[in-house]
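What follows is one structure encoded as structure tokens, with my remarks underneath.
What's counted below: heavy atoms across the whole structure, side chains too, no hydrogens, waters or symmetry copies.
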Amino acid sequence: MSQPTLQRRLGLVQATALNMIDMVGIGPFVTLPLVMGFMGPNFLLAWLVGAALAAVDGLIWSELGAAYPEAGGSYRFLKLAYGEQKWGRYMSFLYVWQTLIQSPLVLASGAIGFAQYFGYLVPMTEWWQPKLVAGTVVLLLIALLYRRIEDIGKLGVALWVGVLSLMAWLIFGGLTHANHPVAILPAGGVGALPGLLISAAMGQAAVKTIYSYLGYYNVCHLGAEIKGPEKVIPRSIFLSILGIAALYLLLNWSVGTVIGWEEVRGWQAGTSDKSQFIISVFMERLYGPAAANLATGMVLLVAFASLFAVLLGYSRIPYAAAADGEFLPVFAKLHPTKHFPYVSLLLLGGVGFVFSLLFRLGEVISAILAMRILVQFVGQAVGLVLLRRRRGTGALPFKMPLYPLPVVLAIVVWLFVFAGIAPVAVSVGGVAFKLYFQVAAVGMMALGTGAFLLWSKQQGKWPYERPQ
């Protein structure tokens, strides 16, 4: 009997919907007040910076995704770029290794944010209550994703409609009740932009806005399940980036015209920080408590929809590596009747469940970006250059304009963001210290390197080839 295989069943609408619900999630609602706190009157500029980086990096993903539409996305790109027999094995293994940690972190961040906003509807006074909510969300996601891909595509479109409905309502509220001016350029005009763009405040704010844009590449992880991928993948990436950038800018402008950045900073400096429910407060101020409760419920729906897309995409990565013979074989198993990688789904969901019970939101956001940047984003950008040199561009379905400028810009800005991730104070066993996420990311790479060497030695592969 033939083995089950992934099916190409997702078109442009479904691919764009899954990208957009992945991108929105809880991110813009929980990071909006944080960015206001960092940037003050210039908070819109940080969202423009996030959109610009997503667009530049989206060119890299579009070229690679259109040319190599296979399950696993970055896993396959890195392996091809650095050589399938040697360094490509190492880079792709590192990526899968990190995925086992960072994708559950992404899942946990959304679940923790969900629990935070749920606290507006149901006050939670005990320490365990938000953890119970977050953990329950993860378990429900696993149950919903345990089904065929075409059913998931339909569900994704339905959730997308919910995302767009909420954003439209929030934006309309700001447009019809504006009472605070919101500036796009700083007080000093264009001349003040360079100093502001390289400031420490922008570095910290950019970490939050970029986190909120992540997900524009989700379609690449589902490459083996996309119809007409050479056209659908680039189009869905840029449709989702442009659509979400417009929604984020309008959302931030709308909220900022009703709740000024000075008021948000005042909340953050006080003992009772209402900024964590800023969308709920915004709607309560405009339409009253009933509307605030409804809007909060819709925020929770959006957060859940995003996590649905996140877990769907990432569950394909360990599967792709295992099916390729480069990771533990158990991850290569597909469900015998529903044809999806159920082992990968259950493991990543299970680890995400544990993380949702252990960590705080700000720590998770910083850890996610620190772990992704070096191997996935920077490594992939360099890999695209290597692929072009080795294979040429004649057969590429999509070629980025102005090459290599977008690649250089992406690398420089990603490294700037990496350097700008702030440490957090940690206390373990009465010993207090600062945790630098950059160091933690490099440490995970070192552990992954050790795991790769052990795996390669067991398999008799490079750098431990057995003599023929």
Side-chain angles (χ1 to χ4, degrees), residues 13-14 16-33 106-124 129-130 132-147 151-174 211-215 218 240 243-244 246-248 250-252 254-255 276-284 286-313 349 352-353 356 361:
V13 172
Q14 294 156 321
T16 304
L18 289 170
N19 267 4
M20 290 182 74
I21 63 175
D22 187 342
M23 294 170 73
V24 176
I26 198 69
F29 307 116
V30 297
T31 58
L32 188 158
V106 175
L107 191 60
S109 71
I112 295 168
F114 183 102
Q116 176 179 303
Y117 255 87
F118 190 75
Y120 180 83
L121 297 175
V122 181
M124 292 179 282
Q129 290 173 326
L132 175 63
V133 173
T136 301
V137 166
V138 176
L139 294 178
L140 183 57
L141 283 165
I142 296 172
L144 279 178
L145 282 167
Y146 210 83
R147 64 194 66 244
D151 297 332
I152 288 172
K154 295 173 184 176
L155 185 54
V157 172
L159 292 172
W160 182 34
V161 171
V163 169
L164 295 180
S165 300
L166 171 63
M167 298 294 271
W169 188 22
L170 297 176
I171 292 166
F172 176 79
Y211 162 78
S212 298
Y213 280 104
L214 294 180
N218 188 47
S240 57
I244 292 299
L247 290 173
Y248 282 179
L250 286 169
L251 172 67
N252 278 265
S254 296
V255 174
Q276 61 181 322
F277 310 121
I278 192 167
I279 298 300
S280 304
V281 175
F282 168 80
M283 295 303 288
E284 183 177 352
L286 296 185
Y287 302 114
N293 289 339
L294 177 58
T296 302
M298 294 183 71
V299 168
L300 296 177
L301 172 66
V302 168
F304 189 85
S306 175
L307 294 177
F308 178 88
V310 164
L311 186 53
L312 169 65
F353 172 78
S356 71
L361 185 60

Could you tell me if the side chain of [Y] sits less than 4.5 Å from the side chain of [X], heavy atoms only?
| X | Y | answer |
| --- | --- | --- |
| Y120 | V299 | no |
| L164 | L247 | yes |
| V24 | L166 | no |

Heavy-atom pair of closest approach, residues [X] and [Y]:
| X | Y | result |
| --- | --- | --- |
| L141 | L107 | CD1-CD1, 3.7 Å |
| F114 | A303 | CD1-CB, 4.0 Å |
| N19 | S240 | ND2-OG, 3.5 Å |
| I244 | M23 | CB-CE, 3.7 Å |
| A111 | S356 | CB-CB, 4.2 Å |
| F29 | L170 | CE2-CD1, 3.9 Å |

Open item on the list: Applying side chain to side chain contact (heavy atoms under 4.5 Å, CB included), can you list everything that pairs with L140, at least two apart in sequence or on another chain?
Closed with: F304
Spacing of [atom1] belonging to [X] relative to [atom2] belonging to [Y], to within rounding of 0.5 Å:
| X | Y | atom1 | atom2 | result |
| --- | --- | --- | --- | --- |
| F118 | M124 | CZ | CE | 6.5 Å |
| N218 | M20 | CG | CE | 13.0 Å |
| M298 | L294 | CE | CG | 6.5 Å |
| L307 | I21 | CG | CD1 | 10.0 Å |
| Y248 | N252 | OH | CG | 9.5 Å |

- [ ] Report the C-alpha distance between I279 and L251 in whole Å, list the side-chain angles of each, state the deciding distance to 0.1 Å, and finish with yes or no for side chain to side chain contact (heavy atoms under 4.5 Å, CB included).
- [x] CA-CA 10 Å; I279 298 300; L251 172 67; 4.3 Å; yes
Open item on the list: Per the side-chain hydrogen bond (donor to acceptor under 3.5 Å, both in side chains) rule, what does the pair list look like for residues 288-300, sequence neighbours excluded?
Closed with: S280-T296
TODO: Using the six-membered ring wherever Trp is involved, compare the ring planes of Y117 and F277 and label them parallel, tilted or perpendicular (cut-offs 30° and 60°).
DONE: perpendicular
TODO: Would you check, one step at a time, whether the test side chain to side chain contact (heavy atoms under 4.5 Å, CB included) holds for L214 with V106?
DONE: CA-CA 10 Å; L214 294 180; V106 175; over 6 Å; no
Task: Single hit among L32, L250, I171 for side-chain contact (heavy atoms from CB on, under 4.5 Å) with V255 - done: L32
Open item on the list: Could you go through L312 and L18, starting from their C-alpha distance and side-chain angles, then the distance that decides it, and tell me whether this counts as side chain to side chain contact (heavy atoms under 4.5 Å, CB included)?
Closed with: CA-CA 9 Å; L312 169 65; L18 289 170; 4.0 Å; yes
